[in-house]
Amino acid sequence: MRTHHMKLAGWPVTGHVVETQEDLAAFAAWTKQHTHFGFDTENTGLDVYATDFRCRTAQFSAGDTAWLLPVEQHPRFAWYTARTLERAQRLYIHNAPYDLQVADRHLGVPLETLFPKTTDTGILSRLVDSRSRKEGGTGHKLEELVEHYVDPVAAREIKGSVAQICKELKIKRDDYFRDVPLDDDIFQMYALMDPILAWVLNKTLCPKVPASATHLIPYEHKVAEICTKISRRGFQLDETYTRELATRLRQEETYWLMEIETEIDKLGFLDSEEFNPGSTDQVAEALLYMGHTEFKQTKTGKLQVDDDLLEHLATSGLYFARTIKEYKKAGKWAGTWPESFLTNMDAEGRCHANINTLQARTGRMSITGIPAQTLPSGDWMVRRCFLADEGHVIASIDYQAQELRMAAALSGDERMFNAFINGEDLHQITADAAGVDRKIGKMANFLVCYGGGWKALVEQAKVSESIAKRTIAGFNKAYPGVAALAKQLTKEAGRQGYITTLTGRRLYVDAERAYSAINYRIQSTARDVTARGLIKCDKAGLTEYLRLPIHDEVVASLPKANAPELAHEIGQCLRTQIRGVDFITDPEIAGRSWGSAYGADY
DNA sequence: TCCCCGAGCGCC
DNA sequence: AAAGGGCGCTCGGGGA
């Protein structure tokens, strides 16, 4: 057994390392004295479902003492880890979905056993302040939180120690954790400190959760548990189709690259070998040479070359603009979607999206790994990559106008409220109030909920300044309650620096953008509508069918035979009422692939 | 060489 | 009066 003596915020902390099987007796004796543990694992990587993933070590803490077990060295170390996890009454973990998926898949202790007794300090920190470092918050990484709340020096030393070694050895951080020998002192101290920090952060953060939000603590843990179960199940990839799609897009990219070279050669002023069509700067330069001078500027003063401009130039006959547009699109699509799906796929051909249940500053979820929330919806070719399970079909259950209904519920605006009750066309109402097309009325409706003004409408709807002003004024006339709410929340945000949502969540609002407050309240409360729906689905035993939550929509894989009933049941679970406004859902059943919900045959 | 940022674009 | 909100990912480019 090896023992490390360390310091945290001036206090001594002790870390013990199990080195041989004989050391296990001392570890077991220690665990018998405690019921609550900080917990953490070190592993070969971040993708728990990768075929070469291994759990390397497990660490427990109680108060100022921690233990490390070299799980990868002997099954008995893994066995003791699993028994300790099962026996614990309470676990404190930073970013529990990760470590609990490790325990589930690699230590044989299911999520269902551990999540109900876990406190995730990541969740606590987001309830205290949802903002990232960049947005002026504390951030949510372990090191960031420790630096802010516990001990800046220790935070820097811990983080710095590994960073420095990586620099010396000229390796990446990921490689270090995969390859470092488990008897390395620096590694051991780093690993031992983490569960101690989780323990300390729990103590520190709990009392800082605003009173209005304390009831969200168990709720957010339930939401995280459900989403972790969804991640664990994964979404079946159609590997053959996905490979073909990736290949085809790369071929298109190559074709357009050759077309670009031809165009550049024709010009004769640039070397086509040197020209990089992926560089916005160089494309702008080429366009200048071609005599186009009508550029907008980006906020750093560069010439703006976006889709709008290229499309405009292409339709007015400039083939070069077309080639750039198509080249960029093919490459971007290949790399962002099918190729990334194939990289993320596990041995059974399933993709495990990483669902961050409280990622956005409004509490909205985000999905990383496979960027499932950003798949093109105007075209089925990318969504076609994902399949319902064998014998299943895809179902999509989404809320009807979730955010606009939330605007009605939160503002209590009579006209908007009645429009939903009577099934009137909200977009037409705005349009009529301003004397514009329905399409523009619709844009204005969303824009106001996003805190936007007439200038944004000019950009988006391509209308004149006066029409845009008239439309926004029309909205305010049609729905005065929404305008009043926006004003009231802006004032509230300016006065106290934050707003509180209907569910009690505290959201800080930047003083210089206080007008965002209404959007924050709408978006955040809408997020909670979906999250509460997920909890109802879980209680009804439907989680095994869920594949992805996407803001105001849930995607599911349902057994073909009773897909309609199950889709209806999910829809009923998601449905809710707020202040008399009904949040109704549209269950839709498609075919085997997700693409079939967007027009694909299969 | 690595890391961070801006620009651009996909979604709700 | 005016103010478009929230994400993730890719690439190129500049600085360390």
Side-chain angles (χ1 to χ4, degrees), chain A residues 130-132 134-135 163 166-167 170-173 276-284 296-310 324-325 327-329 331-337 339-340 343 353-356 358-379 382-383 398-399 401-404 407 443-461 465 468-469 472-473 476 486-487 490 493 507 509-510 512-524 526-527 530 548-553:
Chain A
S130 61
R131 295 171 300 172
S132 69
K134 227 169 30 195
E135 291 163 337
C166 289
K167 209 172 172 185
K170 295 192 172 158
I171 55 171
K172 287 181 201 143
R173 207 184 130 85
N276 184 351
S279 162
T280 307
D281 295 355
Q282 291 187 34
V283 173
K296 282 187 207 153
Q297 297 210 334
T298 68
K299 61 172 178 240
T300 51
K302 289 197 192 187
L303 300 183
Q304 186 174 44
V305 181
D306 58 12
D307 225 36
D308 263 6
L309 176 69
L310 290 174
I324 294 290
K325 197 166 173 256
Y327 165 82
K328 285 174 84 167
K329 183 179 168 184
K332 167 96 191 283
W333 279 41
T336 312
W337 326 120
E339 286 170 6
S340 102
T343 312
N354 182 26
I355 305 171
N356 308 114
L358 282 171
Q359 181 62 27
R361 65 187 290 172
T362 56
R364 249 198 187 183
M365 300 185 191
S366 82
I367 300 184
T368 57
I370 53 169
Q373 289 169 331
T374 68
L375 308 192
S377 58
D379 188 322
V382 172
R383 289 180 200 247
D398 66 341
Y399 288 90
Q402 194 194 46
E403 292 203 338
L404 277 180
M443 287 180 188
N445 280 350
F446 286 111
L447 212 56
V448 174
C449 293
Y450 291 159
W454 60 265
K455 275 192 180 170
L457 195 58
V458 171
E459 281 295 307
Q460 194 184 320
E465 202 176 298
K469 282 181 178 168
I472 299 296
N476 290 331
K487 198 173 159 191
T490 303
L507 302 177
V509 184
D510 300 343
E512 64 275 21
R513 293 195 313 154
Y515 60 86
S516 314
I518 185 171
N519 174 253
Y520 284 15
R521 192 161 149 99
I522 291 172
Q523 191 183 99
S524 188
R527 179 273 188 197
T530 307
L548 293 169
I550 304 181
H551 304 310
D552 64 345
E553 175 192 5

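Because the structure is a prediction, the values reported are computed rather than measured. Lettering of chains follows the sequences in order, A, B, ..., and the numbering in each one begins at 1.
In this structure, the side chains of Ile370(A) and Trp337(A) stay at 4.5 Å or more apart for every pair of heavy atoms.
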Identify all pairs in which a protein N or O lies below 3.5 Å from an N or O of nucleotides 10-16 of chain C, and state each distance.
from	atom 1	to	atom 2	distance (Å)
dG12(C)	OP1	Asn276(A)	OD1	3.3
dG12(C)	OP1	Asn276(A)	ND2	2.9
dG12(C)	O3'	Ser279(A)	OG	3.3
dG13(C)	OP1	Ser279(A)	OG	2.7

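Side-chain atoms of Tyr515(A) lie closest to dA3(C) of the nucleotides dG6(C), dG10(B), dA3(C). Out of dG4(C), dC11(B), dG8(B), the shortest distance to the side chain of Val305(A) is found at dG8(B). For Thr368(A), whose side chain is taken as the heavy atoms from C-beta onward, the closest listed nucleotide among dG8(C), dG4(C), dC12(B) is dG8(C). Among the nucleotides dG5(C), dG6(C), dG8(B), the one closest to any side-chain atom of Asp306(A) is dG8(B). When the nucleotides dC7(C), dG6(C), dC12(B) are ranked by their closest atom to the side chain of Ser377(A), dC12(B) comes out on top. In this structure, of dC2(B), dG10(B), dG5(C), it is dG10(B) that holds the atom nearest to the side chain of Thr374(A). In the set dC7(C), dG10(B), dC12(B), dG10(B) carries the atom at the smallest distance from any side-chain atom of Trp333(A). Each of dC2(B), dC9(C), dG4(C) was ranked by its minimum atom distance to the side chain of Lys172(A); first place goes to dC2(B). Of all nucleotides listed (dC9(B), dC12(B), dA7(B)), dA7(B) comes nearest to the side chain of Thr300(A). Between dC12(B), dG4(C), dA2(C), one nucleotide has an atom nearer to the side chain of His551(A) than all others, and that is dC12(B).
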Next on the checklist: For Lys325(A) and Asp307(A): C-alpha separation, side-chain torsions, deciding distance, then whether side chain to side chain contact (heavy atoms under 4.5 Å, CB included) applies.
Outcome noted: CA-CA 7 Å; Lys325(A) 197 166 173 256; Asp307(A) 225 36; 3.2 Å; yes

Next on the checklist: One pair to check against salt bridge (Lys or Arg N to Asp or Glu O under 4.0 Å): Glu465(A) and Lys469(A). What are the steps and the verdict?
Outcome noted: CA-CA 6 Å; Glu465(A) 202 176 298; Lys469(A) 282 181 178 168; 3.3 Å; yes

Under 3.5 Å, which donor-acceptor pairs link side chains of residues 517-524 of chain A to any protein atom two or more places apart or in another chain?
from	atom 1	to	atom 2	distance (Å)
Asn519(A)	ND2	Cys449(A)	O	3.1
Tyr520(A)	OH	Arg361(A)	NE	3.3
Arg521(A)	NH1	Thr500(A)	O	2.6
Gln523(A)	OE1	Thr362(A)	OG1	2.6
Ser524(A)	OG	Thr362(A)	O	2.6

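Side-chain contact annotation: Gln359(A) with Thr368(A), donor-acceptor N/O pair under 3.5 Å absent.
Aromatic stacking is not marked for Tyr450(A) over dG4(C), as the cut-offs of 5.5 Å for the centres and 30° for the planes do not both hold.
To the nearest whole angstrom, the two P atoms, one in dC12(B) and one in dG4(C), are 22 Å apart.
Rounding to whole angstrom units, CD of residue Gln402(A) and P of dC11(B) are separated by 18 Å. Rounding to whole angstrom units, CD of residue Glu339(A) and P of dC9(C) are separated by 15 Å. Atom CD in Gln297(A) sits about 11 Å away from atom P in dA7(B), given to the nearest Å. The NZ atom of Lys328(A) sits 14 Å away from the C1' atom of dG10(B) (whole-angstrom rounding).
Of the inter-residue distances, the one linking Tyr515(A) atom OH with Asp510(A) atom CG reads 9.5 Å to the nearest 0.5 angstrom.
Taking only side-chain nitrogens and oxygens, Gln373(A) never comes nearer than 4.0 Å to OP1 or OP2 of dG10(B).
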